[in-house]
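Below you'll find the structure, written out as structure tokens, and then a few comments.
Numbering of ligands and ligand atoms starts at 1, following listing order. These values consider heavy atoms only, across backbone and side chains, with no hydrogens, waters or symmetry-generated copies.
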Amino acid sequence: MQQVGIEKIGFYIPQFYVDLNDIAKETGIDPEKYHKGIGQECFAMPSPDEDVVTMASSAAQRILNDTDKVAIDTVMVATESGIDQSKSSAVYVHALLGLSPNCRALELKQACYSATAGLRLAASYVAMYPDKKVLLIASDFARYERNTPAEATQGAGAVAMLISAQPKVAVIQPHFGLYTESVMDFWRPNDCATPLVDGKLSTRIYLRAAQEAWRHYQAQTGASFADFTAYCYHLPFSKMAIKTHQQLCRDNGQDFCEESIASGMIYNRVIGNTYTAALYLALCSTLDHRDDLENKHIAMMSYGSGSVAEYFAFTLQKDYQQALFSQQHQQMLATRERLSFADYEDFWHCRDEGSSSDVLIAHYSAGDFRFAGIEAGKRIYQSCL
Ligand code: HMG
């Protein structure tokens, strides 16, 4: 069988972040609730001139060279923070990156899960056409209502992956375990800027979906839960992965070992939830912080509220570290700016996802592309390269 998988993977995060100590101070909540209770330190906050298109384009721009761009004939953007009900963010991204016109472009949606569906589609496509390359980007702004328990679990960012038959980083394994159940744990009606969330229910459903997806995977493959060297989870906040991993270890009669998930949570603790990108940010975090994974299997648990889960695995390639963008990632994190609480409030309120009213937006972003405003209902993007 043709081996396919990740040839390149890298992320982009906004220049600005909010420290949860500042939220704790303003709200009178014990900061330990954030640090220990949900396992988070900070969250990334997009500036008013960033959206899923600019974050996705910046993530892709930073991993692709001109040869890659010529070879890409499919671009998919997975998001639940869409900026238009009809035109896909992938078409804007395609234009900003200067990809070939002989290309297909589309957007995928199912809460935080859809990038995994995109990965499976891309892998099947490349297996059939090994000379083709697919650009798959997960890009989201996890934005919750102010002064709610979910506010501390915000975040933003994009992960770009080049999927091809030269999988220098990781080969995607053909097996998968699936679980879908319609539940009202988290959803966002068209007239709502932030999701409606039954937070406690969502954590129970996440856990059940992970158990069921793993059972389906195991039933089909005969795999043991101990077959994997590292485990990546969808990360709304890091404690969710710890609890789920503990439960799956118990279910499978295995001792809980935090080391097998710890490296995957490092970026999430300081970036926050990135919805569709969160699982793949966990993968970047694992790859950037471990050097012992050559030829090893990594378990992936993808979850999107509503709800869909998929369990699958990657096998890491020899010399995978040479294909990573670890230094670029560390540099982005090291040069971020902490927002004051007042600036956070301004940024939070100054959002324009999908409006048709004319607006001109000041330049804040350190990304490669920015959202400059709306003219006659049309979104205007600019390159900062
Ligand atoms: P809450 O009401 O703030 O939390 O909501 P809590 O009171 O349950 O406290 C959280 C934890 O902190 C608890 O620990 C407390 O004991 C502990 P636990 O009992 O769970 O082990 N705690 C403390 N620890 C130390 N010192 C203290 C202290 N005080 C309390 N002083 C909730 C938490 C997650 C529900 C909320 O943040 C929320 O609604 N978040 C948004 C929804 C969410 O992230 N759900 C996760 C699963 S669903 C999912 O992942 C999909 C998603 O990404 C969306 C998509 O798919 O598109 C969200």
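Residue Tyr129 qualifies as open at atom OH: its count of foreign heavy atoms under 6.0 Å is 12 or below.
Nearest protein heavy-atom neighbour of atom 31 (N) of ligand 1: Asp30 OD2, 2.9 Å. Nearest protein heavy-atom contact of atom 13 (C) of ligand 1 is Gly37 O, 4.5 Å. Protein heavy atom nearest atom 25 (C) of ligand 1, with residue, atom name and distance: Glu32 O, 3.4 Å. Distance from atom 23 (C) of ligand 1 to its nearest protein heavy atom, with residue and atom name: Lys33 CA, 3.7 Å. Ranking the protein heavy atoms by distance from atom 51 (C) of ligand 1 puts Ser305 OG, 3.2 Å first. Of the protein's non-hydrogen atoms, Lys200 CE, 3.1 Å is the one closest to atom 8 (O) of ligand 1.
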Show me the donor-acceptor pairs within less than 3.5 Å that the side chains of residues 189-200 make with the rest of the protein, sequence neighbours left out.
unit_1 : atom_1 : unit_2 : atom_2 : d
Asn190 : OD1    : Gln85  : NE2    : 3.0
Thr194 : OG1    : Glu145 : OE1    : 2.7
Asp198 : OD1    : Leu201 : N      : 3.4

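Contact between His35 and ligand 1 is absent, with no heavy atom of the residue lying under 4.0 Å from the ligand. The closest approach between a heavy atom of Tyr113 and any atom of ligand 1 is not below 4.0 Å.
Closest approach of His363 to Ser365, counting heavy atoms only: NE2-O, 3.3 Å.
Every atom of ligand 1 with a heavy atom of Lys239 under 4.0 Å away is listed here by number and element: 21 (O). In summary, the atoms of ligand 1 found under 4.0 Å from a heavy atom of Gly304, numbered by their order in the structure, are 56 (O). Near Thr153, with a cut-off below 4.0 Å to any heavy atom, the atoms of ligand 1 are 37 (O), 40 (N), 41 (C). Of all atoms in ligand 1, listed by their number and element, those nearer than 4.0 Å to a heavy atom of Ala111 are 55 (C), 56 (O), 57 (O). Against a heavy-atom cut-off of under 4.0 Å, Pro236 is close to the following atoms of ligand 1: 44 (O), 46 (C), 50 (O). Of all atoms in ligand 1, numbered sequentially from 1 with element shown, those under 4.0 Å from a heavy atom of Val197 are 42 (C). Counting atoms of ligand 1 from 1 in the listed order, those under 4.0 Å from a heavy atom of Phe237 are 34 (C), 44 (O), 46 (C). The Gly199 neighbourhood of ligand 1 comprises atoms 35 (C), 39 (O), with distances under 4.0 Å to a heavy atom of that residue.
Comment: Glu7 engages Lys133 in a salt bridge, judged by a side-chain N to carboxylate O separation of less than 4.0 angstrom. Lys378 and Glu375 are not joined by a salt bridge, as no carboxylate oxygen comes within less than 4.0 angstrom of a charged side-chain nitrogen. One finds no salt bridge joining Glu80 and Lys109 here, because no Lys/Arg side-chain nitrogen approaches an Asp/Glu carboxylate oxygen to under 4.0 Å.
Polar contact with ligand 1: present for Glu80 (N/O pair, distance under 3.5 Å). Considering backbone and side-chain atoms together, Thr203 places no N or O closer than 3.5 Å to any N or O of ligand 1. In terms of N/O distances under 3.5 Å, ligand 1 is not approached by Asp185. In terms of polar-atom proximity, Lys243 is counted as a contact of ligand 1, with an N or O under 3.5 Å from an N or O of the ligand. Note: no N/O pair closer than 3.5 Å links Tyr275 and ligand 1 by distance alone.
For the atom pair Ser355 OG and Asp84 CG, the distance stands at 11.5 Å (nearest 0.5 Å). In this structure, the separation between NZ on Lys8 and CZ on Phe325 is 5.0 Å, given to the nearest 0.5 Å. Expressed to the nearest 0.5 Å, how far CD of Glu50 lies from OH of Tyr364 amounts to 11.5 Å. Atom OH in Tyr144 sits 5.0 Å away from atom CG in Asn273 (nearest 0.5 Å). Atom CG of Asn21 sits about 4.0 Å away from atom NE2 of His35, to the nearest 0.5 Å. Once rounded to the nearest 0.5 Å, the distance linking CD1 of Ile6 with CG of Leu287 reads 7.5 Å.
The presence of a protein heavy atom under 4.0 Å from atom 15 (C) of ligand 1 is ruled out. For atom 33 (C) of ligand 1, the protein comes within 4.0 Å by no heavy atom at all. Under the 4.0 angstrom criterion, atom 11 (C) of ligand 1 counts as having a protein heavy-atom contact. Distances from atom 18 (P) of ligand 1 to the protein include at least one heavy-atom value under 4.0 Å. At a distance under 4.0 Å, a protein heavy atom can be found next to atom 54 (C) of ligand 1.
By the 30° and 60° cut-offs, the orientation of the rings of Tyr217 relative to Phe228 is tilted. Ring geometry, Phe225 versus Tyr311: the interplanar angle falls from 30° to 60°, so the pair is classed tilted. Classified by interplanar angle (parallel below 30°, tilted 30° to 60°, perpendicular above 60°), the ring pair Tyr267/His329 is perpendicular.
Both the sub-6.0 Å distance and the 45° axial angle are satisfied by Lys87 relative to the ring of Tyr92.
Of all the heavy atoms of Asn273, the ones lying under 4.0 Å from any atom of ligand 1 belong exclusively to the side chain.
Evaluated by nearest non-hydrogen atom to atom 58 (C) of ligand 1, the leading choice among Tyr303, Tyr34, Tyr144 is Tyr144. Ranked by closest heavy atom to atom 36 (C) of ligand 1, the top entry among Ala209, Gly155, Pro149 is Pro149. For atom 46 (C) of ligand 1, the nearest non-hydrogen atom from the set Cys112, Ala150, Ala24, Ser202 belongs to Ser202.
Between Phe341 and Tyr344, the distance separating the two ring centers is shorter than 6.0 angstrom.
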